[in-house]
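Working notes, beginning with the structure itself.
The first residue of the sequence shown is numbered 1, and numbering continues consecutively from there.
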Amino acid sequence: MKNKNYKDIIVMIISMNYETIVKAIYEHHKKYMFSSSRDLCMYFDDAYNFKLLSEAGSNSNKVWQTDHLVIYRCGGNVPIWYHIGNVFRYLEDDGLLDIIYEISNTQISNAVVEKYVEENHPDWVNKWIEEYHDYHYDDEYDAAESILEDFIDCIDDIDFDDEEEE
């Protein structure tokens, strides 16, 4: 991309595709929030063409990565329960507290129950994650909008290494 201002191109692409990009941030978060680090990257050219791709996260904190921008990074192997809440509440709400007696007849920790449920009943966990996303949709979508707005605010601070090359 020569003789064009990257910042102007980025702002134009985002303004023309705002809702699409917000939805992509939301979907990226929903899909990868429990995985290892994943980046939502925007590739673009000087004809205002762009594509959004989810890629394995990099160790770099740079937003500009030679041929693309990292719009959003999520993941980091944060435990499911950190986001969705207490396993005992879900078991109680679904009438499944008896499962605890399959694990032990004595008092056991949340971590033991969480691990047991994750390993032996992944379908329950998937159902609870979907319920969590359904319940928090508005908050998560608003957060995606805030992420994009924060990204737009920082565009002037991005160091485009090769921006002045001709």
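Ile80 and Val78 fall into different hydrophobic clusters, where Ile, Leu, Val, Met, Phe, Trp and Tyr side chains are chained together by heavy-atom contacts under 4.5 Å. Met12 and Leu148 fall within the same hydrophobic cluster, defined by Ile, Leu, Val, Met, Phe, Trp and Tyr side-chain heavy atoms under 4.5 Å apart, directly or through other members. Under the 4.5 Å side-chain heavy-atom criterion for ILVMFWY residues, no single connected hydrophobic cluster contains both Ile84 and Tyr32. In the hydrophobic cluster analysis, where Ile, Leu, Val, Met, Phe, Trp and Tyr join through side-chain heavy atoms closer than 4.5 angstrom, Tyr43 is grouped apart from Val11. Follow the hydrophobic side-chain contacts under 4.5 Å out from Leu97 and you reach Val113 in the same cluster.
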Next item on the list: For His136 and Tyr132, run ring-ring contact (aromatic ring centres under 6.0 Å, His included): C-alpha distance rounded to whole Å, both residues' side-chain angles, the deciding distance at 0.1 Å, then the answer.
Entry: CA-CA 6 Å; His136 292 284; Tyr132 171 85; 4.4 Å; yes

Next item on the list: Walk me through it: do Glu55 and Arg73 pass the test salt bridge (Lys or Arg N to Asp or Glu O under 4.0 Å)?
Entry: CA-CA 9 Å; Glu55 299 179 353; Arg73 177 174 288 146; over 6 Å; no

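Between the Asp45 side chain and the Ala47 main chain, a donor and an acceptor come within less than 3.5 Å of each other. Judged purely by atom type and a 3.5 angstrom limit, Asn17 has no side-chain atom pairing as donor or acceptor with the backbone of Ile21. Remark: side-chain polar atoms of Tyr26 are not paired, donor with acceptor, to backbone N or O of Asp142 under 3.5 angstrom.
By the 4.0 Å N-to-carboxylate-O rule, Lys23 lies close enough to Glu27 to be salt-bridged with it. A salt bridge does not link Asp123 with Lys127: none of the charged nitrogens is closer than 4.0 Å to a carboxylate oxygen.
Qualifying side-chain contact (heavy atoms from CB on, under 4.5 Å) partners for Glu19, counting only residues two or more places apart in sequence or in other chains: Tyr141, Glu145. Under the rule for a side-chain hydrogen bond (donor to acceptor under 3.5 Å, both in side chains), Asn86 has no partner lying at least two apart in sequence or in another chain.
Taking a 6.0 Å sphere around CE of Met16, one finds it holds more than 12 heavy atoms contributed by other residues, nucleotides or ligands. Summarising the local packing, OH of Tyr18 is surrounded by more than 12 heavy atoms from other residues, nucleotides or ligands at distances under 6.0 Å.
Interatomic distance, Phe88 CZ to Glu114 CD, rounded to the nearest 0.5 Å: 8.0 Å. Summarising the geometry, atom CD belonging to Glu118 is positioned 10.5 Å from atom CG belonging to Asn126; distances are rounded to the nearest 0.5 Å. Rounding to the nearest 0.5 Å gives a distance of 12.0 Å between CD1 of Ile152 and CD1 of Ile147. The distance from the NE2 atom of His28 to the SG atom of Cys41 is 8.0 Å, given to the nearest 0.5 Å. The distance from the CG atom of Asp39 to the CG atom of Leu52 is 12.5 Å, given to the nearest 0.5 Å. With rounding to the nearest 0.5 Å, the separation of CD1 in Ile71 from CE in Met42 is 4.5 Å.
For the pair Val117/Tyr90, no side-chain contact is recorded, criterion being any heavy-atom separation below 4.5 Å from C-beta on. Proximity of Tyr116 to Ile100: side-chain heavy atoms (C-beta onward) are nowhere separated by under 4.5 Å.
His83 and Phe34 have perpendicular rings, their planes meeting at more than 60° on a 0 to 90° scale where under 30° would count as parallel. In this pair, Tyr72 and His29 present their aromatic rings tilted. The plane angle is within the 30 to 60° band. The aromatic rings of Trp128 and Trp124 lie tilted to each other, with the angle between the two planes from 30° to 60°.
Heavy atoms only, all atoms of each residue included: His121 and Ile99 are closest at NE2-CD1, 3.4 Å.
Of the listed residues (Asp8, Ile13, Ile14), just one forms a side-chain contact (heavy atoms from CB on, under 4.5 Å) with Ile10, and that residue is Ile14.
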